[in-house]
Every structure is written in C-alpha cells, then in structure tokens.
A.B. asks: 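Would you mind keeping the following structure in view while I ask a few things?
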Amino acid sequence: MRYFLGIDAGGSRTRARLTNLEGFVLGEAETGPANARIGLEPLHAVLMSATRKAIAAADLHERDLPLIVAGMGIAGISRPGLLQKAAQLEFPFGSVYLESDAAIANLGAHLGEDGATLVLGTGSVAYIKIGKMSLTIGGYGFPISDEGSGAALGLSAMRHALRALDGRTRPTPLSAAVTEKFNHDTGRAIEWMDEATPKDYASFAPLVMDYAERNDEIARSIVEDAVKHVERFIETIFNKGAPRCALAGGLSRRLQPWLRERTAARLTESKGDSLHGALLLARSGYSSDSASG
C-alpha cells in the first residue's frame, strides 16, 4: 500500500491531507503556523505534528510513515538557501518533496498547467508558471512586502487606530473596535506590538473587511489601498506573459468584490486548492523518481 500526504504550511495555519493511491481522502488535520521564519527545528516539529494528526485521523500508525510520499508547500522556503537546508531535515517518509506555499497554490489552481496564482492570506505573493519557467513576484516578508495581505490590513488598522486614540485623526467604529482589544490603552497596544507576529496582525483583517463593508471611513481607505496593490499584482502577472491568473488564500474571496470590474473579469476560478497542489507535488515527484529509477 502507498499513501500520499499533502501539507500546506502557511503563516496562520498548517493543513495536512492524507490520501490512498486512488486519491480517496483518508484523513485531514490542522495545526499552527509553520513558515520558514520560525526556524528549521520548530518548522519540522509543526510539520510532523500535522502529519501525526492526519495519520491518526486515517486510523494509521507510526509504522505506516515509510509508506507515505509527502509533498509540502512551506511559506518562506524560497528565501536563499532555505530550501536546501529544509531538504536536509529528517522525515520518516518513503520520500518527500518540498516547494513554496505559492508553488503548491499554483499547482492546485491550474492542476499543473501554465498559469499564475496570486496568494492573499497572512502574506501575499504571486507565482507564475509558463512551460519550464517559474517565477515569484513579491513575498519578501512582512512588513517590507506582503502588500494587500491580511497582515498588511492589520498593520494599517493598528496605525489608524493609534492615531485616532491620540487625536491625530477622527475616531471611527473600526478604530474603536481595534483599540478596545487593548482597553483603549496606548501602552498596552505598544506592548502587544513588541511581540506581534504577521499572524497576529492578520487577525484584524476580518474586522477591517467587516467595517469596510459597513462603509467605515478608515476601513474603506485601508481596503481601497490594499486593492490598488492587488490590481498592480494582477497587471504585472499578465505583463509577464501568464495566460491566466487565479486568486488563492483566505483573504482573496473578501477582496475580490472590491476589484474593478475589468480586473475581476481577467481572473479565472481555481480548479483546486493548495492541498490539491501539495498532493500533486507528491504524486508527480514520486512518478518521476519511479520512472527514472
């Protein structure tokens, strides 16, 4: 018996899906964030935690791990040298194939065909595949990059809320809702920011979207600025020659209605999600190795 494991390790959560040879889903699991920025050892621990939860859900055991072919997409793994270092981690699988989270999102969205994917989640990154060529746009890490992402929305919300709290701008329901998390105390907000991660900032993104949809002045300005970055991403993707582009990531469906009609008309629906892509990575890698062997 042979099993295939797909893992999508992102900035907010890690998802795992285990299937049999025929593609039937045996078990799924979810754990915390596992991007490469947390360090290789903590990354390995989260990946294995997600794996063990998935095999438990499938009623399999540790002795079955060598029968698994794993495909993993990991946020931040495309940074120089990280993929090579991550490939040296010891996994108990029969074989393992590693890629970025953007690469597996693109694999899932277009089922391996040429195309591009703009991932809008905790962070943001575009991935383009045309023939044997692939490239990424953005995705350099928060706060320098990740325009149009959940973390960027949350950071903007914090900035506006603190300005409203000290009187530099007019308070709105959004700014009050944000500062309420800190009992409207600037000092407590600063203490939080000293330790805040991209995931922490992204936790404010649903709040920003909710208030933008209620026509909150500050929330609308934050979302409209994010949409400008998203539209520029999409324009650049097509300028690079991509035949099609799909959106992916937890924030994409909430931002898409804010796009201009002509921009939205250029987008295509994803055929599958990132876990589809991770499983495709595992299957294609296994098939290639079997053929060459």
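What you see is a predicted model; the values in this text were computed from it and never measured.
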A.B. asks: Does any pair with a residue in residues 202-216 pass side-chain hydrogen bond (donor to acceptor under 3.5 Å, both in side chains), and if so which ones, sequence neighbours excluded?
C.D. replies: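 Checked against side-chain hydrogen bond (donor to acceptor under 3.5 Å, both in side chains) - neighbours excluded - the pairs reaching residues 202-216 are Thr172-Asp216, Asp210-Arg254, Glu213-Arg254, Asn215-Arg220.
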A.B. asks: When you check the gap from the basic side-chain N to the acidic O, do Glu30 and Arg15 get nearer than 4.0 Å?
C.D. replies: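 Here Glu30 does not pair with Arg15 in a salt bridge, since their nearest N and O are not under 4.0 Å apart.
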A.B. asks: Around atom CD of Glu28, are there more than 12 heavy atoms of other residues, nucleotides or ligands at under 6.0 Å?
C.D. replies: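 Yes, the 6.0 Å shell around CD holds more than 12 heavy atoms from other groups.
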A.B. asks: Using atom types as modelled and distance alone, determine if a side-chain donor or acceptor of Asn183 lies under 3.5 Å from a backbone N or O of Asp185.
C.D. replies: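 No; judged by distance alone, with no hydrogens or angles, the pair does not exist.
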A.B. asks: Please collect all ring pair (Phe, Tyr, Trp, His ring centres under 6.0 Å) contacts where either partner lies in residues 15-44, sequence neighbours excluded, each pair once.
C.D. replies: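 Non-adjacent pairs meeting ring pair (Phe, Tyr, Trp, His ring centres under 6.0 Å): His44-Phe91.
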A.B. asks: Give a yes or no answer on whether the side chain of Ser252 reaches the backbone of Gly249 with a donor-acceptor pair at less than 3.5 Å.
C.D. replies: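 The answer is yes, because a donor-acceptor pair under 3.5 Å joins these two groups.
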A.B. asks: Of all residues at least two apart in sequence or in a different chain, which pass the side chain to side chain contact (heavy atoms under 4.5 Å, CB included) check with Arg159?
C.D. replies: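 Result, side chain to side chain contact (heavy atoms under 4.5 Å, CB included) vs Arg159: Leu155, Arg163.
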A.B. asks: Mind checking what makes ring-ring contact (aromatic ring centres under 6.0 Å, His included) contact with Tyr97, not counting sequence neighbours?
C.D. replies: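 Testing Tyr97 for ring-ring contact (aromatic ring centres under 6.0 Å, His included), a comparison that skips the adjacent residues, returns none.
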A.B. asks: By salt bridge (charged side-chain N to carboxylate O under 4.0 Å, His left out), which residues pair with Arg253, not counting sequence neighbours?
C.D. replies: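 Checked Arg253 against salt bridge (charged side-chain N to carboxylate O under 4.0 Å, His left out); matches are Glu269.
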A.B. asks: Not counting sequence neighbours, which residues clear side chain to side chain contact (heavy atoms under 4.5 Å, CB included) with Ser134? List them please.
C.D. replies: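 Testing Ser134 for side chain to side chain contact (heavy atoms under 4.5 Å, CB included), a comparison that skips the adjacent residues, returns Tyr127.
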A.B. asks: Would you mind listing the cluster partners of Leu111? Hydrophobic ones only (ILVMFWY), side-chain contacts under 4.5 Å, chaining allowed.
C.D. replies: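 Answer for Leu111: Leu280.
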A.B. asks: Can you list, by chain and residue number, the hydrophobic cluster partners of Val125 when the side-chain cut-off is 4.5 Å?
C.D. replies: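 Val119, all in the cluster of Val125.
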A.B. asks: Sequence neighbours excluded, which residues qualify as side chain to side chain contact (heavy atoms under 4.5 Å, CB included) partners of Asp64?
C.D. replies: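 By the side chain to side chain contact (heavy atoms under 4.5 Å, CB included) rule, Asp64 matches Leu60, His61, Leu67.
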A.B. asks: I'd like to check Phe182 versus His184 (side-chain heavy atoms, cut-off strictly below 4.5 Å). Are they in contact?
C.D. replies: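 Side chain of Phe182 against side chain of His184, heavy atoms only: no contact under 4.5 Å found.
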A.B. asks: Ring pair (Phe, Tyr, Trp, His ring centres under 6.0 Å): which pairs involve residues 232-263, sequence neighbours left out?
C.D. replies: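 Sorted result for residues 232-263: empty, none.
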A.B. asks: With the threshold set at 4.0 Å, does a side-chain nitrogen-carboxylate oxygen contact exist between Lys132 and Asp114?
C.D. replies: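 No salt bridge links Lys132 with Asp114.
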A.B. asks: In terms of side-chain heavy atoms, does Ser175 have a donor or acceptor partner in His160 at a distance below 3.5 Å?
C.D. replies: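 No - no donor-acceptor pair under 3.5 Å links their side chains.
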A.B. asks: Taking Glu62 first and then Arg52, would you say they form a salt bridge - that is, a charged N and a carboxylate O separated by under 4.0 Å?
C.D. replies: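 The answer is yes: the pair qualifies as a salt bridge.
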A.B. asks: Between Glu231 and Lys228, is there a salt bridge with N-O shorter than 4.0 Å?
C.D. replies: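 No salt bridge links Lys228 with Glu231.
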A.B. asks: When you compare the side chain of Met193 with that of Leu162, does any pair of heavy atoms fall below 4.5 Å?
C.D. replies: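 In contact.
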A.B. asks: With side chain to side chain contact (heavy atoms under 4.5 Å, CB included) as the criterion, how do Leu247 and Thr117 come out once you've worked through the C-alpha distance, each side chain's angles and the decisive distance to 0.1 Å?
C.D. replies: CA-CA 6 Å; Leu247 298 184; Thr117 308; over 6 Å; no
A.B. asks: Holding to side chain to side chain contact (heavy atoms under 4.5 Å, CB included), I want the full list of residues that pass it with Ala196, two or more places apart in sequence or in another chain.
C.D. replies: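 For Ala196, the residues satisfying side chain to side chain contact (heavy atoms under 4.5 Å, CB included) (neighbours in sequence not counted) are Trp192, Asp200, Tyr201.
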A.B. asks: Which atom pairs, one a donor and one an acceptor, fall under 3.5 Å between side chains of residues 137-152 and the rest of the protein, sequence neighbours left out?
C.D. replies:
from: Ser145; atom 1: OG; to: Gly139; atom 2: N; distance (Å): 3.3
from: Ser145; atom 1: OG; to: Tyr140; atom 2: N; distance (Å): 3.2
from: Asp146; atom 1: OD1; to: Ser124; atom 2: N; distance (Å): 3.1
from: Asp146; atom 1: OD2; to: Phe142; atom 2: N; distance (Å): 3.2
from: Ser149; atom 1: OG; to: Thr122; atom 2: O; distance (Å): 3.2
from: Ser149; atom 1: OG; to: Asp146; atom 2: O; distance (Å): 2.6
from: Ser149; atom 1: OG; to: Ala151; atom 2: N; distance (Å): 3.4
from: Ser149; atom 1: OG; to: Ala152; atom 2: N; distance (Å): 3.1

